[in-house]
Amino acid sequence: MDERVVLDKAQGVAADRGGVASRALLADVGVHRHHIRQEVLRGRWALHGRHTVAVHTRVLTQEELFWRAVWEVSASAAVLDGVSALIAAGLRGFDEEAVHVSVVHNRRSAKAPGVRVHHLPRRCSGEVIGAGVPRVRPALAAVRAAHWAVSDRQAALILAMTVQQRLCSSAQLLAASR
């Protein structure tokens, strides 16, 4: 395949994900491991784990880190959860160094640097939003983030910020807590 075509296909796949793509997505459009290896050796692309390829060499953005977390843990089973899902939904003013993802306990998952994996007994019906980075709906993500918080104060802050910033209503939080 012509080098320009390879680059265009890779850029097209990565454009919807902030500038990163998984090896599987690249392979689906005909960009294979030898193409990836060539671009990395030329200094045009960078690898960020076993599955994540950046079609640039700059530091990853928040969105790109979210995609990386999902792909590196389990592309078929991991979704953003807790504060990471809230940040992806638009939460402002709360910083978290780790990216939080959840996986159903009976699914295979891998560890990845900078990622906290939470194993769940099951997924609730309709809990995952598939548009963009796969993530849990805000009300449920807020309840889980409060459970995973390092203190009661942090838990209260997360719940209050979620409602104040209108990511969900207090009624939705109450329903999600049940």
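This one's a predicted model, so the numbers in the text were calculated from it and none came from an experiment.
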Kindly indicate whether the side chain of [X], heavy atoms from C-beta on, has any atom under 4.5 Å from the side chain of [Y].
X    : Y    : value
V53  : V31  : no
S74  : V117 : no
V101 : L80  : yes
D81  : H118 : no
V13  : V55  : no
W71  : R17  : yes
T61  : W67  : no
F94  : V83  : yes

- Between E64 and R58, is there a salt bridge with N-O shorter than 4.0 Å? yes
- Query: Can you find a side-chain donor-acceptor pair between S84 and R116 that sits under 3.5 Å?
  - Reply: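 On atom types as modelled, these side chains do not qualify, holding no pair under 3.5 Å.
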- Any side-chain donor near an acceptor of the partner, S76 and R107, under 3.5 Å: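 Result is yes, a qualifying pair exists.
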- Message: T52 and side chain to side chain donor-acceptor pair (under 3.5 Å): which single residue from R23, R68, E72 fits?
- Response: E72
With a sphere of 6.0 Å drawn around [atom1] of [X], does it hold more than 12 non-hydrogen atoms of other residues, nucleotides or ligands?
X    : atom1 : answer
H105 : NE2   : yes
N106 : CG    : yes
R33  : CZ    : no

- Message: Taking V150's backbone N and O only, do any of them form a donor-acceptor pair with Q154's side chain (distance below 3.5 Å, no angle check)?
- Response: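 It does hold such a pair.
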Once you round to the nearest 0.5 Å, how far does [atom1] of [X] lie from [atom2] of [Y]?
X    : Y    : atom1 : atom2 : answer
L120 : R122 : CG    : CZ    : 9.5 Å
L167 : L86  : CG    : CG    : 6.5 Å
S177 : H147 : OG    : NE2   : 7.5 Å

- Task: With sequence neighbours excluded, tell me which residues meet salt bridge (Lys or Arg N to Asp or Glu O under 4.0 Å) with R42.
- Result: E3, E39
- Message: Checking R4 now: which residues fulfil salt bridge (Lys or Arg N to Asp or Glu O under 4.0 Å) with it, not counting sequence neighbours?
- Response: D8
- Task: Mind listing the closest non-hydrogen atom pair of P138 and T162 along with its distance?
- Result: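 Closest approach of P138 to T162: O-CG2, 4.5 Å.
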- Message: How close do H35 and G30 get, counting heavy atoms only, and between which atoms?
- Response: CE1-O, 3.6 Å
- Message: As a test of understanding, state which of V99, V133, V103, V79 forms a side-chain contact (heavy atoms from CB on, under 4.5 Å) with V70.
- Response: V133
- Task: Show your reasoning for whether side chain to side chain donor-acceptor pair (under 3.5 Å) applies to R123 and S102.
- Result: CA-CA 9 Å; R123 290 244 179 257; S102 63; 3.0 Å; yes
